[in-house]
Every structure is written in structure tokens, then in C-alpha cells.
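For reference, the structure is listed below as C-alpha cells.
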Amino acid sequence: MPTENSQPLWQPDARRIAEARITRFQTWAAEHHGAPATGGYAALHRWSVDELETFWKAVTQWFDVRFSTPYARVLGDRTMPGAQWFPGATLNYAEHALRAADTRADEPALLYVDETHEPSPVTWTELRRQVGSLAAELRALGVRPGDRVSGYLPNIPQAVVALLATAAVGGVWTSCAPDFGARSVLDRFQQVEPVVLFTVDGYRYGGKEHDRRDTVAELRRELPTLRAVIHIPLLGTEAPDGALDWGALTAADTEPVFEPVPFDHPLWVLYSSGTTGLPKAIVQSQGGILVEHLKQLGLHCDLGPEDRFFWYTSTGWMMWNFLVSGLLTGSTIVLYDGSPGFPATDAQWRIAERTGATLFGTSAAYVMACRKADVHPARDLDLSAIQCVATTGSPLPPDGFRWLHDEFAASGADLWIASVSGGTDVCSCFAGAVPTLPVHIGELQAPGLGTDLQSWDPSGNPLTDEVGELVVTNPMPSMPIRFWNDPDGSRYHDSYFDTYPGVWRHGDWITLTSRGSVVIHGRSDSTLNRQGVRMGSADIYEAVERLPEIKESLVIGIEQPDGGYWMPLFVHLAPGAALDDALLDRIKQTIRANLSPRHVPDEVIEVPGIPHTLTGKRIEVPVKRLLQGTPLDKAVNPGSIDNLDLLHFYEDLARKRS
Ligand SMILES: CC(=O)CC(=O)O
């Protein structure tokens, strides 16, 4: 597999290698913890998984993690699921995120940018003051450790303040982006029963204002556990009846008080849609996220106080939480609230230029869109501060690597391209950026430290240079401590551990190459994953099948060779119905209003029927495989299908599309 690509596209120079934090960490860990001093990253990685406890102890020391109560040991129990990290320890995530306020008081912690592209700084002192004020108000409102605090907010400074204030009091943060419809938000927030809701009145996107006051009113009606609603007047409206005003709650000059919480105390709930049922409500811990993100951002992304970290994301995606954790490394983080391509495709590059971003993260799809639109960011803009362009959401296709490389090389820049992959489930990366390793086209540089990433065949044999299931054979601190709405842990177990007992199976196809790099090939199950946003097909069925004209439907998503994602919705119509423009519009409108614009399919295709298993389950994976070109006899077991003839339609469609 790796031989076609034997020459790296990029190689870090000696200065970059010597100055990288990961190099300095390795030298220090060799002196203090017995890590290998030679052998480069491969040796360090091997050590980090073989000596897992020593590695994580070293991470806490290197990053000076402040334990309020010391830990008894690093790993109490390493069984997955249920590994116990740093038992006995207490600490607080928010305290670490605000540490740079002690030394860089007047420098920006946040650079906020809206669609005017004018950056507004929030200094470390100001961020710390607002968090202090809001944390005191949350306590006064009766918020106690473990209470859930929710945000229906765009990517604005107030969202960061609310997350940190919640963490400071030991509350559990959870957020949805305001382009989510009421049903999507309620499917998430009703599971966790928040006591506080932070909300905007609306948001601006693509040059337009989107008033969300009706949705907010619906959320308030349908979330009976709310004790307080805090109104952030992004569109300038008055706080509705009974809502508190953001300005009043963040006005005091109050030092934050950080609740020392157990290492495995919940920090936040993230959501990830599976194929059925409500979105999984994934709970990650304060300590687990703290150490994983210090490792990932401080060592792999090489971020520190001199950096400006910009990742294009919304609050509904784990990359937002990852971006906020940039504060842990003392970096300034760049928050952009707006359309990725407004007023033109190059918008994100312009924001990177205006903010002096040193690490610019985006989706692989955005890179491909720029290439297609003939954008020349490095030629037309001053991007000299950028050291690294990172991508995620889907694997960066080879043409994306070449385009980025050539664009920057032509302007004399030495660009490190990091394609990274992980997921909401661990709020981090399994593989991706390593500043000291070469980059090969189409490949992630290497598995992350402390992550025993492997590719397994169905019998659990490790594969090299062959496609297999992505598995992680050791616990990672940011793996979920549990799912919120899952008292016996069965949904958590079934999501990752039912294929290979005791081993995390992620649901991606992966190749580990013999040179140590990684190729991700897309989902190995039927989860929809559109540029990193995972969606449940069941949500789409529920919305669309409310229309009387739709008898049944089936949605799949296919990763395209150019990095795009094709998400067709197949509809079997009720007798007498016709898929005309009016019905098409209503289908799209229903999905947009009930779920979100991201759920709207790329195409709606009428089909003679939806195939099922003999037990009546729609067969999404076989249809996906047929459309990816797998022959029918390999895509399905014919004996397990209720109406095999229906599959010929999808087979024909695949032929026509190829
Ligand atoms: C890091 C990631 O894997 C982000 C995503 O694509 O969900």
C-alpha cells in the first residue's frame, strides 16, 4: 500500500524538528521517565503504549497539571469499557484553561471574528474576569457539581465563557449550534435535563440574520428542568420574559473559584448520531479531556503561547471543544462565527490572514472547494504566519495534499499539512499530526501517542498495509466515561465493544502502513458522517416519513474520491404520489426545519421499494456498498434480504454513476 507513495510530499527541516515541543518532550521523558532517547517518533510512540502509565504520568508533569488532590495511581483499572484514570485525584479543567492569565494578562486569549472579518480580542484578564463573574452567578442560581448547563449558541466568546464557568463550578456543559432545529436540540438536551440554558436570539450566516426566538421559546417549553435562561442578544433584541441578561451576569470583577472535582468528573456531553435511536449522549471527563488535549494540542499540534489557533467549526461539533482546549496550551484561539464561504470561497483564508493564525484547521471538503474554485490563498494573501494547515471531517484526498503543498510552496512557504482523524467519541484524534515526521500524500502522519491504534481483520488479527477495522487496544483518558442516558452501560458497550470484547472498535476502515503512517477509508458502518458531522439516518426517516406521500425512505452517505460526500435519500412513494418539484421542496423543507440544513440530502431519488433484512431492518450498508461498486453477490447475503429484486435498482444506479 505505501509503495506507490514512497517519496514524502514534505519533510520537516532540522530546525523544525529540533524546536518541536514533541522533540523536547522526548528528550526530557528520556531523562526522567526512561523513554527512548533515540529512534525518533516511532520509538516514542512504542514506549507510550507499552508504558502507558509512565507515559501519562510524564504528560501530567511536562504540562504541569495541577492536581488539587494527588492521584493514587495512573490507571486504577485498564479494562475497557470502564478504565479508571488517576483514581483519587481532583483538579479543574477551567483552572488550566485560564492559567495563561497569570503571565499574559493583556494579550488576547480569544480573537472573535464575525462575517465582517474584523477580529475583536478578548484578553486573558477579561476572559478570566467574565468566567469568575459568571461562575459566581451560576452558583447563586443553585448550579452544583454534576448539574447540566446547556448552550444554544454560535461560535462566539460568550460560548467559551459559559463553558469555562460551567466547568469551574463542576457543572456539565453541553451545546448545540443555533442552526439546529428544535427537534434536534430537544433530542439532545431532553436526554441530559439541563438546569440552565444560554441562548442567542438568532445568528448571522451568509449575510443574513436568522431569528431563533420561536425555537428558543419552544426549547423553554419543552425543557421543564430549566431553572434559568440566559439571553445573549446577538441580534439586539430584548431578553424575553423570565430570561436573565448576559451582560448583568458577567459584569462583576470576581476571581473565579475552581471547584476541585474528581479526575473522572463529567466535563461535557457531546452527541453523536448512530444509525438508530436518539443521538448518543457521550460524557467525557474533566481530567481525561485535560490530559488528552494537552497531549494532542501541545505535542501533536505543537501549540504554545506564541500560537494563534484557528479551526473552522460550530459549537455543534467536537472540534469546537477541541478549539477551546487550545487555551490549555496558552495559545490564542480564533473563533469565527459565520459561513465558511462568505462573502467568497476564500473567507476562511482571509480570517487566517487577519488573525495571524499559525495553525489553521478546516475540513477536507473546504480545501477541495478552494481548489475547485481556483482560490490562491498563499499567492493572494499574507499567510506567512501559518506553520500548519490541518484538516479533518473526512480524509484529505491526494489532490488536496498536492494543491495545499503546491500553493504554499509557490510562495516560498514550508507548509506542514496535517490530516487528522478521531471523532466525537473521544473528542480527539486517533492519528494525525506529528511535527517531526514526513507527510506522504493521502496519509496521516502516524497514530497518536498513548494510542495503540491497529487495523484488524474480522477475527481480530492485526493487519499491516491492508484495510481493516480501526481498533484501539488500550484505554485513552478521553474515551467516554459513560453515555448519559444509558443506566446499564449497554448502549456504550454496544457502540464500541461488541465486535472485539475489551477493544475499542471505532467504525472506520483503516490501513496502517509499514512506514508507520495511517490511511482512513471512511465509515465501516452506516453512520452518516458529512464533513465530521455525524447524523442519524433514523432522524431523517422520522422527519420525512411524516409526509403522507412518503411510504418509506432510505438514506446513505458515500465518501467521494475528491473528498466530497454524496448523501442521497431514496424515497418509496405512496400510491398516487409523484416526486415533483413541490414534493421535493417539502421533503427538503421538512428535513431542514425538523433537523438542520446539514441533514438535507444532496439528492432525492424515487425508488421502487426499500430493501430490508428478513427481520425488517432497512439495509443501509449493503446499499452503500453497491453504490460504491461492490458486486451484488459480495455486498449482501442474498438469503438475508426480503426482496432481492429491489437491489437491482441500486446496482443499476451504481453502474450509471460510475
Ligand atoms: C478529529 C475528527 O475526527 C473530527 C471529525 O471528523 O469528527
Side-chain angles (χ1 to χ4, degrees), residues 155 175-177 268-274 279-280 282 284 288-289 292-293 295-297 299-301 303 309-326 340 359-368 388-397 400 417-434 443-451 453 470-472 476-480 495-496 504-510 518-525 527-536 557-560 563-565 567 596 598-599:
N155 185 9
S175 62
C176 283
W268 54 47
V269 181
L270 304 177
Y271 304 93
S272 178
S273 299
K280 295 181 281 189
I282 293 171
Q284 285 145 350
I289 288 294
E292 172 64 29
H293 283 186
K295 174 205 81 174
Q296 194 58 245
L297 292 157
L299 298 179
H300 288 283
C301 296
L303 289 176
F309 177 34
F310 168 37
W311 205 297
Y312 178 76
T313 179
S314 84
T315 57
W317 188 20
M318 50 77 44
M319 289 311 294
W320 181 76
N321 304 67
F322 192 74
L323 173 65
V324 173
S325 281
L359 190 158
F360 165 42
T362 188
S363 62
Y366 179 69
V367 171
M368 299 311 282
C388 174
V389 172
T391 65
T392 194
S394 53
L396 182 66
I417 302 168
S419 168
V420 308
S421 185
T424 304
D425 325 72
V426 290
C427 195
S428 188
C429 309
F430 297 122
V434 183
E443 298 176 10
L444 285 65
Q445 288 172 290
L449 293 174
T451 308
L453 185 69
L470 186 164
V471 301
V472 180
M476 289 168 65
S478 67
M479 281 175 177
S495 298
Y496 312 105
W504 178 281
R505 170 195 166 264
H506 192 62
D508 279 343
W509 296 121
I510 186 177
V518 174
V519 182
I520 305 279
H521 308 274
R523 296 296 301 170
S524 63
D525 63 18
T527 304
L528 303 169
N529 185 343
R530 215 178 200 179
Q531 276 102 51
V533 181
R534 286 165 59 122
M535 292 172 279
I558 298 188
E559 296 82 12
Q560 301 290 286
Y565 192 71
M567 196 173 102
S596 83
R598 293 158 216 249
H599 288 78

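Both ligands and their constituent atoms are indexed starting at 1 by order of listing. Excluded from the calculations below are hydrogen atoms, water molecules and symmetry mates; all remaining heavy atoms, backbone and side chain alike, are included. This chain uses plain numbering: 1 for the first residue, then up along the sequence.
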*So, does Gly432 sit close enough to ligand 1 that a heavy atom of it is under 4.0 Å from the ligand?*
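Distance cut 4.0 Å: Gly432 fails for ligand 1.
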
*Just say parallel, tilted or perpendicular for the rings of Phe360 and Phe310, cut-offs at 30° and 60°.*
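Parallel: the ring planes of Phe360 and Phe310 meet at under 30°.
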
Near [X], which atoms of ligand 1 are under 4.0 Å from a heavy atom of that residue?
| X | answer |
| --- | --- |
| Met318 | 4 (C) |
| Ser428 | 1 (C) |
| Ser421 | 3 (O) |

*Name the closest protein heavy atom to atom 3 (O) of ligand 1, giving the residue it belongs to and the distance to 0.1 Å.*
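Going by distance alone, atom 3 (O) of ligand 1 is nearest to Gly422 N, 2.7 Å.
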
*What's the shortest distance from atom 2 (C) of ligand 1 to any protein heavy atom, and which residue and atom give it?*
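Result: Thr392 OG1, 3.1 Å.
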
Are the side chains of [Y] and [X] in contact, using a 4.5 Å heavy-atom criterion?
| X | Y | value |
| --- | --- | --- |
| Leu297 | Phe322 | yes |
| Val434 | His300 | yes |
| Asp425 | Trp504 | yes |

*Where on Trp317 is there a heavy atom closer than 4.0 Å to ligand 1, on the side chain, on the backbone, on both, or on neither?*
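Contact part for Trp317 vs ligand 1: side chain (C-beta onward).
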
_At under 4.0 Å between heavy atoms, is it the side chain or the backbone of Ser394 that contacts ligand 1, or both, or neither?_
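It is neither; nothing of Ser394 touches ligand 1.
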
_With a 3.5 Å distance limit and no angle check, can you tell me whether Thr424 reaches the backbone of Met318 through a side-chain donor-acceptor pair?_
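Judged by distance alone, no pair lies under 3.5 Å.
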
*Check for a donor-acceptor pair, side chain of Tyr312 on one end and backbone N or O of Ser363 on the other, with a separation under 3.5 Å.*
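Such a contact is absent between Tyr312 side chain and Ser363 backbone.
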
_Regarding ligand 1, does Gly393 bring an N or O atom to under 3.5 Å of one of the ligand's N or O atoms?_
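Between Gly393 and ligand 1 (N or O atoms, distance only) the closest approach is under 3.5 Å.
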
*No-hydrogen, no-angle side-chain donor-acceptor test under 3.5 Å, Glu559 and Ser394*: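 No, because no side-chain N or O of Glu559 sits under 3.5 Å from a partner of the opposite role on Ser394.
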
